[in-house]
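Working notes, structure below.
Owing to the predicted nature of the structure, the values given are computational and were not obtained by experimental measurement.
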Amino acid sequence: MIAGSANSVSAQGTTTDEPSTQSVDHSASPPDEKPRRTYLGRIVAQPMGHQGAPWLIRDNRDDEENASDSFVQLQLTEGMVVCDLGCGNGYWTLPMAKKVGESGRVLAVDIQREMLQKLRVRSAKAKLRNIEPILGKVDNPNLPLGELDLVLMVDVYHEFSHPESMLWHLHRALKPTGVIALLEYREEDPSVPIKPLHKMSKNQIMKEYQRNHFKLVKEYNMLPWQHLMFFARDDSPLESIDPIPAKQVLEALP
């Protein structure tokens with residue numbers, strides 16, 4: 001069962017209140033969710049437009065974020081079926097495709113056609129044929145049911161205008177042992193040079209994912225700027241864990 005919504009809507013058709021605990025049939029319809037301004041006390045950020053694509057593949061990104069370390073933590077292997085949700089121009093998509101090999105698949109989802117076109121150009125240049133660009137919707141990533149070993153979301157979840165709907169669809173898209181790998185900039189660290197609306201705290205992440213029937217099964221806390229947290233379906237055989245408090249994480253960082 002996935003939590004639904006009982007929403008009051010503003011004159012502009014935007015949800016402004018919090019979700020109820022009402023449940024809907026997981027096998028039937030997704031939540032009846034309107035675009036949100038806030039979700040469980042968090043202001044929903046506006047997504048970055050395709051004009052900002054060059055920033056995604058900037059030369060110093062790995063130096064700043066240690067993305068290569070995050071990539072290792074994904075533990076990708078040949079033959080896996082994975083998704084880069086909010087793929088942009090493919091900073092993560094291309095190395096994911098190389099890692100899962102010709103027997104694997106990378107479903108690259110974005111809601112901006114321009115981003116997908118940039119991805120196509122880059123993947124063609126790299127001669128990668130196992131990438132499947134998918135035009136998603138703001139409330140539906142258009143993923144197949146029960147096929148995914150991993151869904152990667154890098155600094156994009158906080159921009160979802162329909163978070164419950166998206167998580168409902170991801171719950172259905174994952175295999176029983178599949179996981180969401182969530183990267184979000186640390187709200188708890190004021191030294192991270194990102195606008196506050198584009199950060200998330202561990203407590204907020206846990207609140208939202210538990211509300212939508214996911215459990216934390218793994219985390220990696222040694223990145224300079226970001227949380228990296230892995231969530232499985234609440235009915236997964238994977239064992240749940242408690243998150244290490246952010247204060248403790250920050251004290252342990254070099």
Side-chain angles (χ1 to χ4, degrees), residues 1-26 29-49 83 85-88 109-112 136-143 151-174 179-190 192 194-217 219 225-234 240 243 245-246:
M1 304 291 284
I2 297 295
S5 302
N7 302 321
S8 64
V9 180
S10 69
Q12 292 77 26
T14 301
T15 300
T16 56
D17 66 347
E18 307 298 0
S20 75
T21 56
Q22 179 183 1
S23 295
V24 296
D25 186 351
H26 184 198
S29 302
D32 181 14
E33 186 177 23
K34 303 299 181 183
R36 294 186 180 276
R37 292 178 178 173
T38 64
Y39 185 57
L40 293 176
R42 171 180 62 86
I43 298 174
V44 175
Q46 294 298 309
M48 183 184 74
C83 171
L85 181 51
C87 62
V109 180
D110 208 284
I111 62 171
Q112 300 182 69
K137 301 177 182 178
V138 293
D139 60 353
N140 186 346
N142 290 326
L143 294 169
V151 176
L152 175 65
M153 289 191 284
V154 181
D155 309 318
V156 67
Y157 168 76
H158 68 277
E159 298 177 347
F160 288 170
S161 60
H162 296 70
E164 286 191 358
S165 299
M166 293 294 283
L167 290 176
W168 188 90
H169 285 289
L170 294 181
H171 199 285
R172 290 163 59 88
L174 288 174
V179 295
I180 292 173
L182 181 71
L183 274 159
E184 288 285 350
Y185 293 113
R186 289 192 186 98
E187 183 184 283
E188 301 92 339
D189 187 353
V192 174
I194 299 294
K195 293 179 180 179
L197 282 183
H198 291 273
K199 296 180 179 182
M200 287 191 73
S201 70
K202 269 196 177 186
N203 287 342
Q204 186 69 30
I205 291 169
M206 291 298 298
K207 182 193 300 185
E208 297 186 21
Y209 276 70
Q210 288 176 335
R211 174 67 66 93
N212 289 281
H213 299 265
F214 289 91
K215 60 184 178 181
L216 183 69
V217 295
E219 60 177 352
W225 286 2
Q226 295 153 303
H227 300 298
L228 175 52
M229 305 173 76
F230 294 81
F231 291 91
R233 294 166 18 183
D234 58 357
S240 64

K202 to A246 - nearest heavy-atom pair and separation: CD-N, 4.4 Å
Test log, rule side chain to side chain contact (heavy atoms under 4.5 Å, CB included), inputs F231 and L182: CA-CA 8 Å; F231 291 91; L182 181 71; 4.3 Å; yes
Side-chain donor or acceptor of D234 paired with backbone N/O of K215 under 3.5 Å: no
For L143 against L170, the heavy-atom pair lying closest together: CD1-CD2, 3.7 Å
P141 to L85 - nearest heavy-atom pair and separation: CB-CD1, 3.9 Å
Where D139 and S165 come nearest, the two heavy atoms and their spacing: O-CB, 3.5 Å
D155 and H198: CA distance, side-chain angles, deciding distance, side chain to side chain contact (heavy atoms under 4.5 Å, CB included) verdict: CA-CA 8 Å; D155 309 318; H198 291 273; over 6 Å; no
E188 side chain to H227 side chain, donor-acceptor N/O pair below 3.5 angstrom: yes
Between CD1 on residue I194 and CD on residue E187, distance to nearest 0.5 Å: 13.5 Å
Y157 and I205, any side-chain heavy atoms less than 4.5 Å apart: no
Closest approach of R233 to L174 (non-hydrogen atoms, all atoms of both residues): NH1-O, 2.9 Å
Rounded distance [0.5 Å steps], CZ in R42 versus CZ in R36: 9.5 Å
Interatomic distance, S201 atom OG to E184 atom CD [nearest 0.5 angstrom]: 10.5 Å
From CZ (F230) to CD1 (I180), nearest 0.5 Å: 11.5 Å
Pairwise distance CE(M153) to CG(L167) - rounded to 0.5 angstrom: 6.0 Å
Flag if over 12 foreign heavy atoms under 6.0 Å of CD1, I43: no
Heavy-atom closest contact (V192 atom, W225 atom, distance): CG2-O, 3.8 Å
Rounded distance [0.5 Å steps], CE in M229 versus CE in M206: 5.5 Å
Donor-acceptor pair, side chain of H213 and main chain of H171, under 3.5 angstrom: no
Residue of the set E208, Q204, E164 for which side-chain hydrogen bond (donor to acceptor under 3.5 Å, both in side chains) holds with Y39: E164
